[in-house]
Amino acid sequence: MSTAPAHEIGLAVHGLSKSFGGVHAVVDASVDFHHGRINALIGPNGSGKTTFFNCVTGMIRADAGTVTYRGQDITGKAPHRVAHAGIGRSFQVCRIFPRMTVLDNVLAGVRPTGLATLLGSGRRRSDVERARALLARVGIDHLERAEAGDISYGQQKLLELAGVLMTDPETIMLDEPAGGVNPALIDRISTLIVELNAEGRTFIVVEHNMELVMRLSDHVIVFDRGAPIAAGPPSTVQKDPAVLEAYLGV
Amino acid sequence: MRNASDTATTSASGSPTVVRVIRGVQVLAVVAAAIGVLVFPQTGPGPFIMSVGVVILSYACMATGWNFVGGFTGYISLGHAAFTGLGGYLVGLLILRADVPSWIALVLAAVIVAVLSIPIGFASLRVRGASFVIMSLALVLIMLLIFQSWSDVTGGSNGLRVPRPFGPEVLRPEQHERFYYLHVLLLVIMLVAWWAIDRSRFGAGLKAIREDEDKAQSLGIPTFGYKLSVYVISAFFTALAGGLYALWFGFLDPIFQFSILTGSYMVLMSLLGGIRSLFGPALGAAIVGYAIEFFKAQYGDTQFHLVALGLLLGLVVLFMPEGILPSLGRLLDRLRPSATSIREESAEELANKRAVLVGDNGGAS
């Protein structure tokens, strides 16, 4: 990971729009994400957060708008190119490779550097060691031989994070990291986010657990009806009347 | 200190004897099967049984060739007969119309098919699931129409006679035996290639595609390039199998060469044996190939064998969706030391573990 100077704009999204038939999921959304921050993306269900994620990471093609990362235009780039640019992501409903072992799941994130490594062993010693260290870091190294589909949902979330870390991303986008996870593991995940952030990784987190969002994030962006309606430090956003209206209907 | 190597040794050392015995049984089974295949022609089976042996080996080659794309990526192509048929016809045409020596024609035909499969794969691999299956079916039907209609070149429905590579002094039984061993050689080459891909980083990426293509892409795997590469490899080997069959059988008719049934056999054989295992398609080919020949010999040219194969496919999908070899593998796995507990750790356990980690290496990984 090559670290960019803190607080410089890393990911910049301008005028992003995406409709599905008559549903306008994201409408002219513009957001700048600074390096080194833990950014939280919050908003009611259906406010376009996941679609925003999917457009940024190339999983779906936006109708309009531009996405740049560290000055490089990544608009409409295939997901693997976005990953190569340094953006890793998790999915709202945790996605792992269920019929591979836990260790092989993490190894899937190794990027071959040339034809020799592409055709070389899929379990190169140095990669295996790094994968094991990451599994130990997220706390599921004792499961490395288990099939990923057999472990608990919370453990799968940790595995997904370990898999993303294997690609060594500078920016990590997490879609509801605490969704459906028991409180002990939520603590573990939030501690990991803080630690990884301290090492220089930027986070963009979609999350509904407000206690977690307020505790964890440096910067909160509130989405409603497909576009940001407020942004700022958690304490400010919490009191914003527009946010209160969107969220609580008051 | 708790570290990675500790974990590895504790989980593997549960009962090394059992692990070793299982491995030994697996190796023995493969060696026994290999010896059986190699010795079979020496047991004096007679020309008919020998020809059945060649047919079964040809199926094994086709199914293993199919399994490069089917097994690794999970893309089920029902139209691989297009590649066997093209391989066969190109061998015949190169020999007849361009005077290319038989064995060079065999390799050259497979290379041409591989090149042709690039645009075909480029178009069809853009879609997944049922759409891909339909595209693959369309391909074989298009080939059927072309080879039937373009009779000036292909011989059309009258068929194409492919000259035998061996001289007239080589009689039929001898001919069968030679082709038997040639098919064994081709099968071994394919198995080695499949094995090499299976253990490579390329193979790991392909298997990730099979499991969850979007997820694989989000991890940086250029899925389209991977799929296309393995599709071309699969087309190459399947065409070699088709070409070798053409040299042996000596006569090609579009209706049989570009038959949806042939493509379906490859799928059924691979599913039956197990698409995720190296020897699965070959084992499936032995069972299904034998069954086809048995029904044909027993009941003549009826549709009865199709009914029986349909039933077999139904049974496989219902009771052994992973195929014979993976199911056997799972049975053996039960004898292995039991898997690690997946119970989630409590907050207290986590805190303790964390304290140990931090104490050991300052929390860094």
Side-chain angles (χ1 to χ4, degrees), chain A residues 57-59 78-84 88-91 95-100 104 107-112 117-124 127-130 132-137 139 141-147 150-152 154-155 163-164 166-167 182-185 187-188 191 195, chain B residues 2-8 10-12 74 196-226 229 276 322 326 333 336-337 339-351 353-354 357 360-361 363-365:
Chain A
T57 53
M59 303 302 294
H80 69 273
R81 296 205 184 279
V82 176
H84 294 172
R89 72 162 293 181
S90 75
F91 290 85
R95 282 168 95 159
I96 39 115
F97 304 118
R99 287 161 78 182
M100 286 188 191
D104 282 338
L107 287 170
V110 177
R111 189 176 162 194
T117 46
L118 181 68
L119 300 177
S121 169
R123 288 175 168 226
R124 215 167 39 169
D127 295 333
V128 170
E129 275 167 14
R130 206 159 74 82
R132 284 192 173 135
L134 286 172
L135 284 173
R137 182 162 198 186
D141 49 335
H142 58 298
L143 298 172
E144 69 164 59
R145 281 157 189 259
E147 263 199 14
D150 292 341
I151 64 177
S152 80
Q155 290 164 339
V164 171
M166 195 69 186
T167 66
N182 83 41
L185 284 185
D187 270 355
R188 161 142 245 161
T191 312
E195 283 177 8
Chain B
R2 184 192 168 85
N3 63 22
S5 56
D6 286 345
T7 324
T10 42
S11 43
I197 292 177
D198 188 40
R199 60 177 288 286
S200 72
R201 175 119 308 283
F202 176 48
L206 291 170
K207 285 179 269 182
I209 293 172
R210 179 178 70 199
E211 298 267 311
D212 186 336
E213 194 166 340
D214 291 334
K215 170 74 187 173
Q217 220 175 359
S218 82
L219 288 175
I221 298 170
T223 51
F224 191 75
Y226 274 41
S229 308
R276 295 204 294 160
E322 288 187 71
D333 274 345
R336 281 180 201 266
T340 359
S341 160
I342 64 148
R343 190 177 70 85
E344 284 181 9
E345 289 155 297
S346 67
E348 196 188 346
E349 285 166 338
L350 280 174
K353 208 168 158 186
R354 190 143 207 95
L357 264 176
D360 276 350
N361 54 13
S365 61

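Protein chains get the first letters and strands the later ones, always in sequence-line order, with residue 1 at the start of each. In this text the structure is predicted, and so the values were computed from the model without any measurement.
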Worksheet item: Under 4.5 Å between any side-chain heavy atoms of B:Asp212 and A:Phe91, yes or no?
Response: no

Practice prompt. Check whether any side-chain heavy atom of B:Glu211 sits under 4.5 Å from a side-chain heavy atom of A:Ile96, and report yes or no.
Written response: no

Of all of [options], which one pairs up most often with chain B through heavy atoms under 4.5 Å apart?
| options | result |
| --- | --- |
| A:Met100, A:Arg111, A:Arg89 | A:Met100 |
| A:Arg124, A:His84, A:Arg81 | A:His84 |
| A:Pro98, A:Gly122, A:Pro112, A:Ala83 | A:Gly122 |
| A:Gly120, A:Ser90, A:Pro183, A:Gly109 | A:Gly120 |

Worksheet item: Among B:Gln217, B:Arg210, B:Lys207, who wins on heavy-atom pairs under 4.5 Å with chain A?
Response: B:Gln217

Worksheet item: chain A: which of B:Ala216, B:Pro222, B:Ala204 shares the most heavy-atom pairs with it under 4.5 Å?
Response: B:Pro222

If you compare all heavy atoms of [X] against all heavy atoms of [Y], which two are closest, and at what distance to 0.1 Å?
| X | Y | answer |
| --- | --- | --- |
| A:His80 | B:Ile221 | CB-O, 3.5 Å |
| B:Leu219 | A:Ala108 | CD1-CB, 4.3 Å |
| A:Met59 | B:Ser218 | SD-CB, 4.5 Å |

Worksheet item: At a heavy-atom separation under 4.5 Å, does A:Thr117 approach chain B through its side chain, its backbone, both, or neither?
Response: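 Only the backbone of A:Thr117 comes within 4.5 Å of chain B.
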
Worksheet item: Which bit of A:Val110 comes within less than 4.5 Å of chain B, counting heavy atoms only: side chain, backbone, both or neither?
Response: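 Both backbone and side chain.
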
Fill in: Whether B:Arg201 side chain and A:Leu107 backbone form a donor-acceptor pair below 3.5 Å
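Between the backbone of A:Leu107 and the side chain of B:Arg201 there is a qualifying donor-acceptor contact (under 3.5 Å).
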
